[in-house]
2 protein chains.
Amino acid sequence: MSDRPFHHGNLRAVLLEQAETVLRERGIDALSLRELAREAGVSHGAPRSHFIDRNALLDALAERGFVRLADEVREAAAKAPGDYVRTLRAAGTAYLRFGLREPALADLMFAAKADGPSPAVSAAAERLFDTMTSIMSTGVAPGGYDARDVGRLTLLLGTTIQGISAFIASHRITAAQGEALLDDAITLFIAGAAAGRQSPSGK
Amino acid sequence: MSDRPFHHGNLRAVLLEQAETVLRERGIDALSLRELAREAGVSHGAPRSHFIDRNALLDALAERGFVRLADEVREAAAKAPGDYVRTLRAAGTAYLRFGLREPALADLMFAAKADGPSPAVSAAAERLFDTMTSIMSTGVAPGGYDARDVGRLTLLLGTTIQGISAFIASHRITAAQGEALLDDAITLFIAGAAAGRQSPSGK
DNA sequence: ACCTGAACACCGTTCAAGT
DNA sequence: ACCTGAACACCGTTCAAGT
């Protein structure tokens, strides 16, 4: 532990990895740049070469979170057999389980920020939204809902899942209740959109 | 500024008031006990007599937030004229506007916490839930949904509104989009629950 | 019961200097 | 290009002591 070269060579990745662990195990308040540097075996000023400040590190974490969440949702949907309702359910469940596994990270990803998300975070979030949209699109053909309702339904399901996730993370409901709510939401959304073919937003 | 009595007499309330302002204007990261003490004109140790630590202050803020939100939702619902759908819409809109006015506070109220909310916060949150439940109950009689669906529908609408609020606060959608989504959600939920009288959660 | 003020350990951030 | 290490200003928290 003494002949480590001057250049770490891997510092950025190591910091992010450690940061995710701290976030998961001890929450965002316990996340300190100095501690991360200490554990990486570098001086406390070193992280500055990779993250301009603590917030930049948090942004990078949020960005990675969105990418991972999008991947997990897409995979879950791809593996789901059968009709589009089951696909939606699988995607939604994957979303909820991500929040269950990484509550602090999920919080960070959707935290209220005065100036909005950084471009990188925004792009990663859009990736998730695109994934959800393409999954929602599979329900158009079989006589489900109309193609022009996809955007709105995606947003509606997305916000609902996000709300369920927040309720679980803040211990307002249990995970089981959350999954039941997800089922209800999908059923009602789909049924409502397919049955009431008149525009739902009509006054 | 020199003949102030030893006992502030009002410190707890002043700290909370100032804290809400800081939270609103500069976010949770800018909230410092020492600064609050400074602005209240007391020593930095003084807040300790009222809040055991920073987290206790945050809990008190969240608790007050839930009480205020419940009040605003109840009032909005009471003032809403006409049928229960409009009442629900008014209640939901009040909820969204609270999040718009106090994004950081709303974040705090629904933040993921490892050990769950404190008893006081939990009680205040329940007050909000009770308010939502009683509003949702007004839709039972007129041939809307079944009485045994009220609990589930309340939870579903609550999570959905929360999700919409989070999407707005994190700049994922605009406030106008959020209100449109709320309309859609209410329409679909009500329509789905009233029309499909078979249990929505049935597999 | 409430507040003061010193003390302690910890931060984030900056920046000249080194490699 | 990346890292070191001193320096600065700021925290939260504790606690004996004052009123």
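To find a chain, count down the sequence lines: A is the first, B the second, and so on, and within it residues start at 1.
Taking atom CG of A:Leu57 as the reference point, atom C1' of C:dT13 lies 15 Å away to the nearest angstrom. Atom CD of A:Glu39 is separated from atom C1' of C:dC11 by 15 Å (rounded to the nearest Å). Rounding to whole angstrom units, CG of residue B:Leu58 and C1' of D:dG12 are separated by 12 Å. Nucleotide C:dA1 holds its P atom 16 Å from the CZ atom of B:Arg48, rounded to whole Å. Atom CG in B:Leu36 sits about 14 Å away from atom P in C:dC3, given to the nearest Å. Atom-to-atom, CZ of B:Phe51 to P of D:dT13 comes out at 13 Å; the value is rounded to the nearest Å. The CD-P distance, from A:Glu35 to C:dC11, rounds to 6 Å in whole Å. The interatomic distance linking A:Asp29 (CG) with D:dG12 (C1') rounds to 12 Å, in whole Å.
Crowding of B:Arg86 atom CZ: a count of heavy atoms from other residues, nucleotides or ligands under 6.0 Å not exceeding 12.
Remark: D:dT19 base-pairs with C:dA1. Criterion, Watson-Crick or G-U wobble with two distances under 3.5 Å. Shown here, D:dT13 forms a base pair with C:dA7; the pair counts as Watson-Crick or G-U wobble because both key distances fall under 3.5 Å.
Taking the side chain of B:Leu33 as heavy atoms from C-beta on, and the options C:dT13, D:dG12, C:dT14, the nearest nucleotide is D:dG12. When distances run from any side-chain atom of B:Leu11 to the nucleotides D:dC11, C:dC3, D:dC3, the shortest one goes to C:dC3.
The shortest distance between the side-chain N/O atoms of A:Ser49 and the OP1/OP2 oxygens of D:dC2 is not below 4.0 Å. OP1 or OP2 of C:dC3 sits under 4.0 Å from a side-chain N or O of B:His50. Applying the 4.0 Å criterion to OP1 and OP2 of C:dC11, one finds that A:Arg38 has a side-chain N or O inside that range. A close approach under 4.0 Å does occur between a side-chain nitrogen or oxygen of B:Ser32 and OP1 or OP2 of D:dC11.
Ring planes of A:Phe66 and A:Phe110: perpendicular class, angle over 60° (limits at 30 and 60°).
Looking at B:Arg172 and A:Thr159, their side chains never come closer than 4.5 Å, going by heavy atoms from C-beta outward. Looking at heavy atoms from C-beta onward, B:Asp183 lies in side-chain contact with B:Arg89 at the 4.5 angstrom threshold.
In this model, a side-chain donor or acceptor of A:His44 finds a partner on the base of D:dA6 within 3.5 Å.
If you run salt bridge (charged side-chain N to carboxylate O under 4.0 Å, His left out) between A:Arg97 and each of A:Glu75, A:Glu179, A:Glu102, only A:Glu179 comes through.
Residue A:Arg34 is in base contact, counting any heavy-atom pair closer than 4.0 Å across all strands shown.
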